[in-house]
2 protein chains.
Amino acid sequence: MTKAKASSTLSQNKGIAETTCPITYVMNKIGGHWKCIILYYLISGPKRYSELKRSIPAITEKMLAEHLKQLKEDNLITKKVEQIMPPITIYSLTPSGEELGPVLMAMADWAIKDSEHFQNLRMQG
Amino acid sequence: MTKAKASSTLSQNKGIAETTCPITYVMNKIGGHWKCIILYYLISGPKRYSELKRSIPAITEKMLAEHLKQLKEDNLITKKVEQIMPPITIYSLTPSGEELGPVLMAMADWAIKDSEHFQNLRMQG
DNA sequence: CGGCATCCTAGCCGATACTG
DNA sequence: CAGTATCGGCTAGGATGCCG
């Protein structure tokens with residue numbers, strides 16, 4: 001993993017674009033399909049692993065665990081483990097993650113408006 | 001394209017989740033890595049195909065054309081073609097697309113703040 | 001309960017060539 | 001200028017099973 005492939009320009013371009021385009025920077029952090037959803041469910045407060053899984057039925061264990069790890073590495077969430085048996089793991093938003101909250105809420109808001117548009121269009125059509 | 005594959009549960013889940021989770025709805029529309037970037041550049045006003053291409057050096061023709069088509073199908077942008085030779089194509093935001101503007105600006109805003117956080121951390125480290 | 005390792009497929013995406 | 005079509009590699013992501 002120390003050496004990037006030469007045939008792929010995307011990963012390299014992504015790195016370059018990240019320093020010049022703020023949207024690219026954001027997409028590299030929360031661009032994955034599930035990242036935003038996970039963060040969205042964490043806005044309402046810290047959650048344990050199983051709660052997140054129940055909140056997002058469409059996600060697989062692999063995706064959840066993987067994206068949680070990435071979000072942690074990107075300093076958007078923190079992980080707190082109770083070393084008992086069975087273990088309890090709590091995920092919370094970091095300050096950076098908290099600041100993303102309004103953005104996600106704005107996205108959700110837009111979604112609701114936009115789907116209303118569609119329903120209106122359907123009624124007219 | 002009329003029949004979905006049976007082996008993949010994701011596309012089906014996406015469809016189901018889309019009706020219950022607003023963030024999923026948004027991600028299905030602008031989740032692609034380039035969609036947000038294209039929309040972001042269209043906020044400042046209508047642009048022609050070649051202008052977009054120049055604005056986003058990292059994107060390939062295929063991705064640009066493909067995502068422009070999807071954005072049009074999702075009613076986020078409109079396409080206006082001057083049927084002359086050589087042709088001129090202008091892409092603009094629809095009202096729905098315009099309403100996404102503030103969200104994208106908020107994302108960009110967060111990105112700038114967040115990258116400052118990192119630089120501060122590095123200085124302390 | 002929480003999460004990682006393996007295997008495998010679907011779809012994203014780059015490169016190239018062709019059309020109006 | 002503004003696309004479309006085809007080929008092919010890479011990787012995201014689903015299914016399953018094992019471990020602390």
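The basis for the numbers below is simple: all heavy atoms, side chains too, and nothing from hydrogens, waters or symmetry mates. Just so we're on the same page: letters track the sequence lines, and every chain starts at 1.
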Rounded to whole angstrom units, what separation is found between the [atom1] atom of [X] and the [atom2] atom of [N]?
| X | N | atom1 | atom2 | answer |
| --- | --- | --- | --- | --- |
| A:Leu68 | D:dG13 | CG | P | 14 Å |
| B:Glu51 | D:dC1 | CD | C1' | 13 Å |
| A:Tyr49 | C:dG3 | OH | P | 6 Å |

Give one of base, sugar-phosphate or nothing for A:Glu66, where a contact means two heavy atoms less than 4.0 Å apart. nothing

Using a cut-off of strictly less than 4.0 Å, decide whether [X] has a side-chain nitrogen or oxygen near OP1 or OP2 of [N].
| X | N | answer |
| --- | --- | --- |
| A:Tyr91 | C:dG3 | yes |
| A:His67 | D:dG13 | yes |
| B:Thr89 | D:dG3 | yes |
| B:Lys69 | D:dG3 | no |

Measure from the side-chain heavy atoms of B:Thr60 and tell me the nearest of D:dA2, D:dG3, C:dA15.
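Of D:dA2, D:dG3, C:dA15, C:dA15 is nearest to the side chain of B:Thr60.
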
Checking D:dC1, C:dG14, D:dA2 against the side chain of B:Ser50 (C-beta onward), the nearest is D:dA2

Between [X] (side chain only) and [Y] (backbone N and O only), is there a donor and an acceptor less than 3.5 Å apart?
| X | Y | result |
| --- | --- | --- |
| A:Glu51 | A:Arg48 | yes |
| B:Lys47 | B:Gly45 | yes |
| B:Lys53 | B:Glu61 | no |

Taking for B:Lys62 and for B:Arg48 the nucleotide of DNA chain D with the nearest heavy atom, the one nearer the 5' end belongs to B:Arg48

| Between B:Asp114 and A:Ser96, is a side chain to side chain donor-acceptor pair (under 3.5 Å) present by the stated rule, with each step listed? | CA-CA 7 Å; B:Asp114 194 60; A:Ser96 279; 2.8 Å; yes

